[in-house]
Amino acid sequence: MPFLPATRTAVAPLLLTLALALSGCTSADTADEPAASKPTPGKSTAGPVRQLPEQPFDYQLGGPYDPPEGVRTVVRDRTADPDPASGAYNICYVNAYQAQPDAIDWWEKKHPDLLLRSADGDLVIDEDWQEPLLDISTADRRERLAGIVGGWFDGCAKDGFAGIDADNLDSYLRSDGLLDRAQAAAFAKLLSARAHRAGLAIGQKNAAEMAKLRTELGFDFAIAEECARYQECGAYADAYDDKVLVIEYRRKDLTVACRDWGKRLMVVLRDRDLVPAGEPGHVNERC
């Protein structure tokens, strides 16, 4: 996901908020990690809600702000303060397949064998976001990682979120051939089951080529970045019965998305750094 420079840091502010307080881990996994603030959560649609409200929605990974008027669905990082937006259907962003740059030391200290490494022992990095990939190559590692990431899901549920945005399903494409689609799918199944046990819906994030596996993987909706730009919106729309949140980062792609999909899918144009409202560079438009 083109997101905060620190989190899929996809856009620096974006996942900066994801900065990784790793607050959702179990007590054994949080001993040395920085504590995340825990504000009183706003009222949010609770429970295993699988039907997204109709548009519009907002994508706030770079930092929370009051949603634009009429917005009914909000995506925020799991470490955002405040967590959910009051009165909205809130989706919790979790970097599920890669490690936040700010959390590398924590992973190296607590779970060094869960970071993907080359034959030389070097970390395999998503160079676009400087995020090490997590090692989902074996069933044992997937189970252990699901315990850690699942702890974050539990934290999202406790804070009042209703859904999960599990990012980097497609990380295997950046693994230098060390991971494959079958391993990514197997991990996705574990994450979907864990989210549902926590009473949360969970979305497929990107990886259009895996949309046809929606039922097998257990996803409830999709979050697609730049699907109009790459002509992938149809794959998500067909697989998810139009329960798709679309984020474009170029105005010309918004034009295409609105023309071709605006009557069926929820579409928003955001700046690539996902700058909060009121700050220079903030862009937030809809069909």
Side-chain angles (χ1 to χ4, degrees), residues 1-3 8 10 14-15 45 48-61 71-78 88-98 149 153 156 161-173 181 184-196 200-249 253-254 256-258 260-270 274 286-287:
M1 107 168 242
F3 170 48
R8 198 172 330 203
L14 199 241
L15 293 194
T45 304
V49 179
R50 307 288 162 76
Q51 178 65 53
L52 294 175
E54 295 180 358
Q55 61 184 333
F57 82 103
D58 201 16
Y59 196 60
Q60 300 186 1
L61 297 189
V71 162
R72 299 179 58 200
T73 299
V74 176
V75 182
R76 285 181 177 173
D77 182 68
R78 67 184 181 84
Y89 182 98
N90 285 275
I91 297 173
C92 186
Y93 173 90
V94 175
N95 197 351
Y97 284 74
Q98 298 182 181
V149 177
F153 290 180
C156 292
F161 287 95
I164 294 289
D165 170 357
D167 199 19
N168 288 313
L169 173 64
D170 60 353
S171 63
Y172 71 93
L173 297 173
R181 183 186 301 183
F187 190 48
K189 291 180 184 179
L190 295 177
L191 297 182
S192 294
R194 182 61 181 264
H196 293 158
L200 299 167
I202 184 169
Q204 174 183 336
K205 181 65 163 292
N206 298 328
E209 69 280 2
M210 296 180 73
K212 59 187 177 183
L213 302 177
R214 176 252 177 106
T215 300
E216 175 185 344
L217 301 185
F219 290 122
D220 303 299
F221 59 93
I223 300 177
E225 292 177 292
E226 301 189 287
C227 68
R229 178 179 181 179
Y230 296 109
Q231 301 180 348
E232 298 174 332
C233 296
Y236 297 109
D238 291 345
Y240 287 93
D241 301 321
D242 293 352
K243 287 184 282 190
V244 183
L245 306 180
V246 176
I247 306 100
E248 297 294 340
Y249 297 106
D253 297 323
L254 174 69
V256 173
C258 291
D260 296 344
W261 299 102
K263 293 182 179 180
R264 293 177 56 183
L265 310 182
M266 293 172 270
V267 182
V268 66
L269 174 70
R270 286 301 324 270
L274 303 180
R286 291 165 186 77
C287 298

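Along the sequence shown, the residues carry numbers beginning at 1. Keep in mind the model is a prediction, meaning the values are calculated, not measured.
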**Student:** Rounded to the nearest 0.5 Å, how far apart are OG of Ser192 and CG of Leu200?
**Tutor:**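 So the gap between those two atoms works out to 11.5 Å.
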**Student:** Do Val74 and Gln60 make a side-chain contact, defined as non-hydrogen atoms from C-beta onward lying under 4.5 Å apart?
**Tutor:** yes
**Student:** I need the Thr215 OG1 to Leu217 CG distance, nearest 0.5 Å.
**Tutor:**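 Thr215 OG1 to Leu217 CG: 9.0 Å, rounded to 0.5 Å.
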**Student:** Specify the closest pair of heavy atoms between Lys205 and Tyr93, including all atoms of both residues, with the distance to one decimal.
**Tutor:** NZ-CE1, 3.8 Å
**Student:** Have Tyr236 and Gln204 got a donor and an acceptor in their side chains that come within less than 3.5 Å?
**Tutor:**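 Judged by distance alone, the side chains do not pair up.
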**Student:** Considering only heavy atoms from C-beta outward, does the side chain of Tyr59 approach that of Asp165 to under 4.5 Å?
**Tutor:** yes
**Student:** Can you tell me if Glu209 has over 12 outside heavy atoms packed within less than 6.0 Å of its CD?
**Tutor:**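 Atom CD in Glu209 is packed in, count exceeds 12.
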**Student:** So, taking the atom named CZ in Arg270 and the one named CD1 in Ile247, what distance separates them when rounded to the nearest 0.5 Å?
**Tutor:** 10.0 Å
**Student:** Is there a donor-acceptor contact under 3.5 Å from the side chain of Arg78 to the main chain of Cys156?
**Tutor:**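 Not at all, since once roles are kept as given, no pair shorter than 3.5 Å links the two residues.
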**Student:** Work out which heavy atom in Ile202 is nearest to a heavy atom in Ala195; give both atom names and the distance.
**Tutor:**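 Here Ile202 and Ala195 meet closest at CB-CB, 3.9 Å.
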**Student:** Heavy-atom distance under 4.5 Å between the side chains of Asp220 and His196, does that happen here?
**Tutor:** yes
**Student:** What heavy-atom pair brings Ala237 and Trp261 nearest, and what distance separates the two atoms?
**Tutor:** CB-CZ3, 3.7 Å
**Student:** Mind checking the OH-CG spacing from Tyr230 to Asn206? Nearest 0.5 Å is all I need.
**Tutor:**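 Result: 10.5 Å between the selected atoms.
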**Student:** Show the nearest heavy-atom pair for residues Leu169 and Ala184, with the distance to one decimal.
**Tutor:** O-CB, 3.7 Å
**Student:** For residues Ile164 and Phe219, determine if any side-chain heavy atom of one lies less than 4.5 Å from a side-chain heavy atom of the other.
**Tutor:**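 No. Closest side-chain heavy atoms not under 4.5 Å.
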**Student:** Show the nearest heavy-atom pair for residues Ala208 and Ala235, with the distance to one decimal.
**Tutor:**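 Scanning both residues completely, I find the closest heavy atoms to be O-CB, 4.2 Å.
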**Student:** Decide salt bridge (Lys or Arg N to Asp or Glu O under 4.0 Å) for Arg229 and Glu248; before the verdict, give the C-alpha distance in whole Å, the side-chain angles of both, and the deciding distance to 0.1 Å.
**Tutor:** CA-CA 8 Å; Arg229 178 179 181 179; Glu248 297 294 340; over 6 Å; no
**Student:** Check salt bridge (charged side-chain N to carboxylate O under 4.0 Å, His left out) between Arg286 and all other residues, then give those that pass, not counting sequence neighbours.
**Tutor:**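 Testing Arg286 for salt bridge (charged side-chain N to carboxylate O under 4.0 Å, His left out), a comparison that skips the adjacent residues, returns Asp58.
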**Student:** When rounded to the nearest 0.5 angstrom, what is the spacing between CZ in Arg72 and CE in Met266?
**Tutor:**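 Answer rounded to 0.5 Å: 9.5 Å.
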**Student:** Provide the closest heavy-atom pair for Phe153 versus Leu191 in the form atom of the first, atom of the second, distance.
**Tutor:** CE1-O, 3.4 Å
**Student:** Determine, stepwise, if the pair Arg214 / Asp241 fulfils side chain to side chain contact (heavy atoms under 4.5 Å, CB included).
**Tutor:** CA-CA 11 Å; Arg214 176 252 177 106; Asp241 301 321; 4.2 Å; yes
**Student:** Can you tell me how far the CD1 atom of Ile91 sits from the CG atom of Leu245, to the nearest 0.5 Å?
**Tutor:** 5.0 Å
**Student:** Let me see the working for Cys233 and Leu265 under side chain to side chain contact (heavy atoms under 4.5 Å, CB included), right down to the final yes or no.
**Tutor:** CA-CA 9 Å; Cys233 296; Leu265 310 182; 4.2 Å; yes
